[in-house]
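Data block below; observations after.
When a ligand or atom number is given, it counts from 1 through the structure's own listing order.
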Amino acid sequence: MAQMIKGFLFDLDGVIVDTAGYHYKAWKKLTNELGFDIDEEFNENLKGISRMDSIAKILEYGKVTLSESEILALATKKNEWYVEMIDQMTAENILPGIPALITQIKALGLKMALGSASKNAPRILERIGLNEAFDAVVDGNSVSKSKPDPEVFVKGAEMLNLAPTECVVVEDAFAGIQAAHAAGMKAIGIGKATDLPNADFIMPSFVGFDLKSFLQEMPAQQSIETK
Ligand code: B16
Ligand code: MG
């Protein structure tokens, strides 16, 4: 039976807005204070995973051992720097192609949910004026397991009242695409094929993206109908 795609599940950082760059800046500043450094290649491992999982990876990389309360204090400090950056954001920071994609999703009568690991997601949506745009929001405040666990996308599909096979995930992180697959969903990777070899579809951005054609051209085993 033909499977209809009825909903999009969007990651936030690196897909809707480029806060991935802000996370990197703040983590880099923290590691420099601790006496070591991270580069963009290492930073790929941090994309999509929770704040506490990120700091655990960073400290392991820098071979730094600290108590739980010291780790929490460092994560809080990083978050304060990060929040300073996101508080400067406006609708201008929405990544190119995203507003047009949202318009197309709504015009085709599809649903959309946010599936982000970030506890700051509501604050970011408010800043960029997209707090009313999503039919459902699942973020770091409502999930207990970090990507690559599928929880965030499973919950998103449930909140949209859709089956996993009726959803497409949009992600910029390897761990996020793993999460989509574990949830039984196809994933569009935004970025480079070398960073996201596990993506079902890959594109640098949504600039010029035609949703109707994309849905029609998806593989035959998942043939799509739009309203
Ligand atoms: P916060 P996403 C993720 O958001 C980021 O990619 C990841 O780098 C970050 O550590 C995580 O959110 C937690 O963010 O510190 O704001 O709670 O890509 O899943 O939208
Ligand atoms: Mg992301």
Side-chain angles (χ1 to χ4, degrees), residues 8-31 38 40-59 61 71-87 89 93-95 98 112-128 130-131 133-134 136-156 169-180 182-183 185 187-192 195-196 198-199 202-206:
F8 272 70
L9 301 180
F10 284 96
D11 173 53
L12 177 63
D13 295 338
V15 168
I16 307 269
V17 283
D18 189 20
T19 39
Y22 300 161
H23 280 296
Y24 176 50
K25 261 195 199 164
W27 285 130
K28 199 174 172 69
K29 185 168 170 182
L30 193 78
T31 58
I38 53 168
E40 289 197 25
E41 194 188 336
F42 176 80
N43 189 56
E44 282 303 314
N45 304 309
L46 305 180
K47 288 188 177 173
I49 66 167
S50 72
R51 195 181 310 164
M52 295 315 288
D53 286 351
S54 299
I55 195 160
K57 277 193 191 236
I58 286 168
L59 295 178
Y61 179 75
I71 295 173
L72 193 59
L74 289 179
T76 303
K77 189 168 169 180
K78 176 266 172 182
N79 191 56
E80 283 165 7
W81 291 332
Y82 176 68
V83 167
E84 268 173 36
M85 289 186 265
I86 60 176
D87 277 351
M89 294 175 84
N93 292 93
I94 299 173
L95 285 170
I98 291 291
M112 51 184 254
L114 192 81
S116 167
S118 176
K119 292 192 170 179
N120 291 299
R123 189 175 191 129
I124 296 170
L125 291 182
E126 184 83 42
R127 296 289 332 164
I128 62 175
L130 285 185
N131 44 325
F134 292 88
V137 172
V138 186
D139 61 32
N141 304 293
S142 50
V143 293
S144 54
K145 289 174 237 133
S146 198
K147 298 169 188 174
D149 188 279
E151 184 183 7
V152 66
F153 296 130
V154 169
K155 272 201 177 171
V169 167
V170 186
E171 260 293 346
D172 71 318
F174 187 87
I177 291 167
Q178 287 179 309
M185 301 167 188
I188 300 175
I190 297 298
K192 294 188 232 139
D195 291 330
L196 305 173
N198 53 348
I202 186 95
M203 46 192 91
S205 78
F206 281 108

Exercise. With a cut-off of 4.0 Å, which atoms of ligand 1 are near a heavy atom of Asp11?
Worked result: 2 (P), 18 (O), 19 (O), 20 (O)
Exercise. Below 4.5 Å, heavy atoms only, C-beta onward: do Lys78 and Ile55 meet side chain to side chain?
Worked result: no
Exercise. When only distance counts, is Gly115 in polar contact with ligand 1, meaning an N/O pair under 3.5 Å?
Worked result: no
Exercise. Between Phe134 and Ile16, is any pair of side-chain heavy atoms under 4.5 Å apart?
Worked result: yes
Exercise. Relative to Tyr61, does Lys57 satisfy both conditions: NZ or CZ under 6.0 angstrom from the six-membered ring centre, and within 45 degrees of the ring's axis?
Worked result: no
For this session: Number the atoms of ligand 1 from 1 as they appear, then name those within less than 4.0 Å of a heavy atom of Arg51, with their elements.
Result: 1 (P), 10 (O), 13 (C), 15 (O), 16 (O), 17 (O)
Exercise. If we ignore angles and hydrogens, is there a donor and acceptor under 3.5 Å between the side chains of Asp13 and Asn120?
Worked result: no
Exercise. Which ligand 1 atoms, with their elements, are less than 4.0 angstrom from a heavy-atom of Asn120?
Worked result: 1 (P), 16 (O)
Exercise. Do His23 and Lys47 have a side chain donor and acceptor closer than 3.5 Å?
Worked result: no
For this session: Take Asp53 and Leu46 through the side-chain contact (heavy atoms from CB on, under 4.5 Å) test and state the conclusion after the steps.
Result: CA-CA 8 Å; Asp53 286 351; Leu46 305 180; over 6 Å; no
Exercise. Any side-chain heavy atom of Leu30 within less than 4.5 Å of one from Leu74?
Worked result: yes
Problem set entry | ligand 1 atoms in contact with Ser54 (distance to a heavy atom under 4.0 Å) | 10 (O)
For this session: Give the single entry among Thr19, Asp53, Ile49 that approaches atom 10 (O) of ligand 1 most closely by any heavy atom.
Result: Ile49
Exercise. Name of the Asp11 N, O or S atom nearest the Mg ion (ligand 2)?
Worked result: OD2
Exercise. Touching ligand 1 at all, Lys147? Heavy atoms, strictly under 4.0 Å?
Worked result: yes
Problem set entry | Lys147 and Asp11, any side-chain heavy atoms less than 4.5 Å apart | yes
Problem set entry | Nearest-contact summary for atom 6 (O) of ligand 1 - protein heavy atom, Å | Gly48 N, 2.8 Å
Seminar exercise, completed: One finds that the ligand 1 atoms under 4.0 Å from a non-hydrogen atom of Leu12 are 20 (O)
For this session: Identify, by atom number and element, the atoms of ligand 1 in contact range of Ser116, meaning under 4.0 Å from any of its heavy atoms.
Result: 2 (P), 4 (O), 19 (O), 20 (O)
Exercise. Is it the case that Lys25 places NZ or CZ above or below the six-membered ring of Trp81, under 6.0 angstrom from the centre and within 45 degrees of the axis?
Worked result: no
Seminar exercise, completed: Checking heavy-atom distances from atom 1 (P) of ligand 1 to each of Gly140, Ala20, Ser118, the winner is Ser118
Seminar exercise, completed: The protein heavy atom nearest to atom 5 (C) of ligand 1 is Asp13 OD2, 3.3 Å
Exercise. Which heavy atom in Ala113 sits nearest to a heavy atom in Gly156, and how many Å separate them?
Worked result: CB-O, 4.4 Å
Problem set entry | Opening angle at the Mg ion (ligand 2) [OD1, Asp172; O, Asp13; to 10 degrees] | 90°
Exercise. Considering only heavy atoms, does Leu46 approach ligand 1 within less than 4.0 Å through its side chain, its backbone, both, or neither?
Worked result: backbone
Seminar exercise, completed: Under 4.0 Å between heavy atoms, the region of Val15 that gets near ligand 1 turns out to be neither
Problem set entry | Which of the ligand 1 atoms, numbered from 1, are nearer than 4.0 Å to a heavy atom of Lys119 | 1 (P), 16 (O), 17 (O)
Exercise. Is the distance from the Mg ion (ligand 2) to the nearest N/O/S atom of Glu171 under 2.8 Å?
Worked result: no
For this session: Please report the shortest heavy-atom distance between Ala179 and Pro150, naming the atom on each side.
Result: O-CB, 3.5 Å
